[in-house]
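In what follows, a structure is listed as structure tokens, so that the remarks can point back to it.
For ligands, and for the atoms within them, numbers begin at 1 and follow the listed sequence.
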Amino acid sequence: MDTLETLHARRNVRSYTDEPIPEDDLAAILEIGRRAPSSKNMQRWDFVVLVDRDQLAALSEVWRGSYMVADSAATVALICPIAEDPYTSASIHFDLGQAAMAMMTAAAGLGIGSCQTWVEDQDLARKILGHPEDKTCAWLIAFGYPSDRPLAPMRKPRRRDYDDVVHMGGW
Ligand SMILES: Cc1cc2nc3c(=O)[nH]c(=O)nc-3n(C[C@H](O)[C@H](O)[C@H](O)COP(=O)(O)O)c2cc1C
């Protein structure tokens, strides 16, 4: 798939086959995350990668919306500094969003589905992931081959209409 086709094909995939992700493909996805743009190129992120079934099952308990982590082939935890002021926090999370989308797009290009999820129980996340006290686990991204249907460009995604969203030349 070319870039536009890949972006048209990406969707949130929440159930996965048992097939593991080849090490090289997982590394390629993480490399794209590492290369993501960030404010002042500060790269305020670390990626903790889990592939062990027991660890994934434990991590899936961090929030009720994180259930898909248990069946994922790999989950990447996005770790970032804890920021007190709203500007810094917004800037960090914008950057993390870019890294997340870059990795999810790279995965889609390889036929790998993904789903991002929030982390409510930070203590549990820290126990499993082992990141230092001055950092927090902002998001998880679960990856795996879709068990429902392969990724393919979607003709009608569930989105607001183009003309409702896009304002050419001013609002
Ligand atoms: C910041 C963010 C957090 C999300 N958290 C969850 C989540 O915890 N659990 C989940 O199942 N989906 C989560 N999603 C996925 C969205 O629900 C999904 O992207 C949206 O419904 C559009 O669906 P699509 O990506 O398949 O087109 C999250 C998406 C974003 C951008």
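The number of heavy-atom neighbours closer than 6.0 Å to CZ of Arg53, taken from other residues, nucleotides and ligands shown, is above 12. Counted within 6.0 Å of CG on Asp18, heavy atoms from surrounding residues, nucleotides or ligands total 12 or fewer; the atom is thus considered open.
In this structure a side-chain-to-backbone donor-acceptor pair under 3.5 Å is present from Thr6 to Asp2.
With a 4.5 Å cut-off between side-chain heavy atoms of Ile, Leu, Val, Met, Phe, Trp and Tyr, the cluster of Leu7 takes in Met101. Residue Trp171 shares its hydrophobic cluster (ILVMFWY side chains chained together at separations under 4.5 Å) with no other residue.
Closer than 4.0 angstrom to ligand 1 by heavy atom are Arg10, Arg11, Asn12, Arg14, Trp63, Gly65, Met68, Cys115, Gln116, Thr117, Trp118, Trp139, Arg158, Arg159, sorted by chain and number.
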Can you give me every donor-acceptor pair (side chain of residues 90-98, partner residue at least two apart or in another chain, under 3.5 Å) with its distance?
residue : atom : partner : partner atom : Å
Ser91   : OG   : Arg44   : NH2          : 2.6
Asp95   : OD1  : Ser39   : N            : 3.2
Asp95   : OD2  : Ser39   : N            : 2.9
Asp95   : OD2  : Arg44   : NH2          : 3.1

